[in-house]
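Below is one structure, written out as structure tokens; comments come after it.
Throughout, numbering of the chain's residues begins at 1 and tracks the sequence. Values below: all heavy atoms of this structure, side chains included; hydrogens, waters and symmetry mates excluded.
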Amino acid sequence: MSPKSKQHLESREMIQQVDRFVDGLSKAANTKLRIPRGFNRMCICGMGGSAMSGDIIADALLTAWDVPIQVVRSTGIPNWVDENTLVVASSYSGNTKETIMMYDQAKEKGCMIVVITAGGELRDKCMRDGNKLIEVPGNIQPRSAIGYTIGYLANIVETTGGPKVKSEIRRIIPALRRFRGNIWTRNPDSLAKDVAERIYGTVPAIYAAGSLSAAAVRWKNQINENAKMIAFNGEILGMNHNEIIGWSECVQRSKCRPVFLCEEEASDAVMSLMQESVDVLTSAGQDPEVITVSGRTALERSLKGVMLGDYVSLFLAKMNGVDPMDIGPIITFKQRLAMLLGRKKPERPKENKKV
């Protein structure tokens, strides 16, 4: 088999994994869980796609739940985490060193712990300690497991007495399946393809607000990993105070493309701020891409935003002639990180300047 044909098959596999996002979401939301109540805060510990699911749920529940949710990407949990905190440790491989370290600290503090994983050291620790284990299917890319992890987090929230986000996911599954058909290759006027063509060859900066903030981060991550492109993300409500100067004055701005994700149901204030930003950038010679995402609820809009970005990244991968399955640099980094964290006294980065 030639390298080119092998790449084609691997790309098809990634497409199939992205296609199954809605299936994983549905399965997780329909799984019956038994998790004790009695916590007043939630801490979701993870890295990469495992943490992204927490961002999406936190965005959707920002004004709907009186239990604070914080997503932590670190090697240590916040000091406020205690025995009244539900800690969800999420790592697809189960071998993410940072997440394992946070799990160990949560155990020491006597927290309620739920683990979401496909296996590895984290699964072994969870079973040995007698904590609640939720297993996701193996043999897929970690970032493709996001449907399962979003669904299970929604399930945890509703099962423990929170807003009925699990029920909401079950209700909107048919709408998400229709949306998938409209934005992907089955539609000759695919929105995902159109957006990819407009940002191809640029450094896209994805801006959003409200329930689409996490979706903008997902866009950036997927374009990085699948399309092997540099991309950035930001908040619409923040870029007006600083980044708008760079877009207007920087001589390198022609290499970049601003992309705005907007909720159809956004407040008048947010809509006005976004329109002003678009007008300023347009007058400065930019050509902003503005995408309006509709949906009955914040969670539906967030999930649609995630899906659209995933397919845009696959079209970009095809245009760039790269294999979206290849994550060699990440694997190398994780191997080096594991060795580094295993040392008693890690080496410090070489200093270019010291202040």
Are side-chain N/O atoms of [X] and [Y] paired as donor and acceptor at under 3.5 Å?
X	Y	value
Asn84	Arg41	no
Ser91	Thr99	no
Thr282	Asp279	no

Ionic contact status for [Y] with [X], cut-off 4.0 Å:
X	Y	value
Lys125	Asp104	yes
Asp323	Lys228	no
Lys304	Glu263	no
Asp310	Arg180	no
Asp19	Arg177	no

Would you mind reporting whether Met47 and Lys97 have side-chain heavy atoms less than 4.5 Å apart?
no
Has [X] got more than 12 heavy atoms of other residues, nucleotides or ligands less than 6.0 Å from its [atom1]?
X	atom1	value
Lys107	NZ	no
Lys318	NZ	no
Asn242	CG	yes

Without swapping roles, check the side chain of [X] against the backbone of [Y] for a donor-acceptor pair under 3.5 Å.
X	Y	result
Trp219	Gly305	yes
Ser190	Ile183	yes
Ser302	Ala298	no

List the atom of Trp80, the atom of Met42, and the distance in Å for their closest heavy-atom pair.
CH2-O, 4.2 Å
Indicate the atoms forming the closest heavy-atom contact of Ala196 with Phe315, along with that distance.
CB-CB, 3.5 Å
Working for salt bridge (Lys or Arg N to Asp or Glu O under 4.0 Å), residues Glu168 and Lys164
CA-CA 6 Å; Glu168 180 186 338; Lys164 296 187 179 299; over 6 Å; no
Out of curiosity, Asp194 CG to Ile291 CD1, how far, rounded to the nearest 0.5 Å?
9.0 Å
Drop me the distance from Arg301's CZ to Leu261's CG, to the nearest 0.5 angstrom.
13.0 Å
Could you walk me through whether Arg218 and Asp55 pass the salt bridge (Lys or Arg N to Asp or Glu O under 4.0 Å) check?
CA-CA 10 Å; Arg218 174 71 174 183; Asp55 291 329; over 6 Å; no
